[in-house]
Amino acid sequence: MVNSQRKIVACLGSSSTAGKGQAFDWMAELRRRPGNGQFEFRNFGVGGDLAYNALQRLPDVLACRPDKVIVWVGGNDVFTLVSRKVRRFFTFWKRLPRTPSPDWFHENLAEIARRLRRETAAEIGLCSLPPIEEAPDSDDPFQSELNRRIKEYSAIVAAIAHEERCGYVPLHEALTEAARASPGRPTRRSSFFHSIAMLFAYWCCGSVRMMSPA
């Protein structure tokens with residue numbers, strides 16, 4: 001039986017939120033932490049989702065009447081923009097009504113933020129996007145374009161957080177710093193995921209405004 005005094009933390013996103021398969025289950029990590037017993041984490045992550053798909057599933061999040069909402073989506077928006085092959089596959093798989101673009105990402109994420117603010121009393125944390133792979137300064141053309149777009153989309157997230165007066169969880173900044181601190185060393189299973197868990201733990205247990213963008 002769920003303790004009625006526990007705060008509901010709804011987590012909306014894609015496979016990084018779902019935490020299945022090879023994805024790091026950061027919610028399981030947070031549940032194991034003794035100081036997080038006051039929270040009930042609800043997982044609204046679906047593999048492959050873009051911001052558009054997350055917006056279609058928003059009614060499920062609203063229905064749980066969350067106290068806090070973490071929105072972590074955008075990595076697949078970037079992949080579909082950079083890779084023509086991925087774009088063709090995702091357009092069919094996810095039934096995308098239009099070609100992914102930065103403007104469309106902004107439109108969908110902003111609508112998610114607006115509806116959460118309008119239809120809930122929850123504290124909202126929008127997450128910037130972690131680096132794809134661990135080479136933030138790569139000279140490889142494809143990886144370099146991924147890095148550029150991840151940075152661009154993270155700036156969009158920060159702008160929306162400011163515009164819609166939401167909290168901002170700086171995953172991109174923290175994990176890029178971690179990768180640059182250990183160049184050439186695989187950190188995905190250590191400092192990367194530890195940083196994710198620590199950031200979310202800090203946001204859940206502290207004030208969302210402490211994570212807001214300038």
Side-chain angles (χ1 to χ4, degrees), residues 1-20 23-47 49-51 53-75 105 108-130 153-154 156-175 192-214:
M1 180 176 180
V2 176
N3 186 331
S4 61
Q5 298 303 310
R6 295 175 75 189
K7 294 183 178 179
I8 294 176
V9 181
C11 306
L12 176 64
S14 58
S15 58
S16 296
T17 299
K20 297 178 180 178
F24 173 62
D25 191 352
W26 51 270
M27 265 180 275
E29 176 68 23
L30 293 183
R31 290 188 189 104
R32 283 194 291 267
R33 298 190 177 213
N36 289 343
Q38 62 181 305
F39 300 108
E40 177 190 346
F41 293 93
R42 301 274 184 95
N43 193 326
F44 294 94
V46 173
D49 269 11
L50 281 70
N53 306 109
L55 176 59
Q56 310 312 303
R57 296 188 292 103
L58 189 60
D60 294 335
V61 176
L62 300 174
C64 81
R65 303 181 67 181
D67 297 286
K68 292 175 180 276
V69 181
I70 294 171
V71 182
W72 179 9
V73 70
F105 173 71
N108 287 308
L109 185 61
E111 182 62 15
I112 289 172
R114 281 193 292 266
R115 289 193 59 187
L116 286 170
R117 281 186 52 80
R118 185 171 64 242
E119 300 177 42
T120 77
E123 292 182 284
I124 305 160
L126 305 183
C127 303
S128 60
L129 308 183
Y153 276 53
S154 291
I156 292 173
V157 176
I160 293 171
H162 178 73
E163 293 162 4
E164 303 299 332
R165 292 179 293 167
C166 296
Y168 178 69
V169 184
L171 292 183
H172 178 265
E173 295 84 345
L175 301 186
F192 265 50
F193 287 159
H194 178 70
S195 295
I196 289 174
M198 288 296 290
L199 279 167
F200 285 141
Y202 178 78
W203 184 79
C204 288
C205 298
S207 169
V208 66
R209 291 301 164 193
M210 295 177 70
M211 304 296 287
S212 295

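Two residues are said to be in side-chain contact when any heavy atoms from C-beta on lie closer than 4.5 Å; L50 and F105 fail this criterion. For the pair V61 and T120, the minimum side-chain heavy-atom distance is 4.5 Å or more. You'll find the side chain of P66 reaches within 4.5 Å of the side chain of I8, heavy atoms only. With contacts defined as side-chain heavy-atom distances shorter than 4.5 Å, the pair N53/V46 does not qualify. Residues L58 and L116 are in side-chain contact: their nearest non-hydrogen atoms beyond the backbone lie under 4.5 Å apart.
Residue I156 holds its CD1 atom at 9.0 Å from CG of L129, rounded to the nearest 0.5 Å. Here the straight-line distance linking atom CD of E164 with atom CD1 of I112 works out to 11.5 Å at 0.5 Å rounding. To the nearest 0.5 Å, atoms CD1 (I124) and CZ (R114) are separated by 12.0 Å.
In this structure a side-chain-to-backbone donor-acceptor pair under 3.5 Å is missing from D49 to G13. With R42 contributing its side chain and C64 its backbone, the two residues share no donor-acceptor pair below 3.5 Å. The main-chain N or O of F44 is found under 3.5 Å from a side-chain atom of R57 such that the two form a donor-acceptor pair. In terms of modelled atom types and a separation under 3.5 Å, the side chain of R65 and the main chain of A122 share no donor-acceptor contact. In this structure, S128 contributes its side chain and H172 its backbone to a donor-acceptor pair below 3.5 Å.
Scored by the side chain to side chain donor-acceptor pair (under 3.5 Å) test, Q56 finds no partners at all (sequence neighbours excluded). Residues forming a side chain to side chain donor-acceptor pair (under 3.5 Å) with R118 (at least two apart in sequence, or on another chain): none. Residues satisfying the side chain to side chain donor-acceptor pair (under 3.5 Å) test with E163, not counting sequence neighbours, are none.
Minimum heavy-atom separation, F39 to K68: CE2-CE, 4.1 Å. The two residues L126 and A113 have their closest heavy-atom pair at CD1-CB, 4.4 Å. Between C166 and R117, the closest heavy-atom pair is SG-CD, 4.0 Å. Nearest heavy atoms, Y168 versus E173: OH-OE2, 2.6 Å.
A side-chain contact (heavy atoms from CB on, under 4.5 Å) with C127 is found for exactly one of V71, V73, I70, namely I70. When each of E40, K7, Q38 is tested with D67 by the rule side-chain contact (heavy atoms from CB on, under 4.5 Å), just one qualifies, namely K7.
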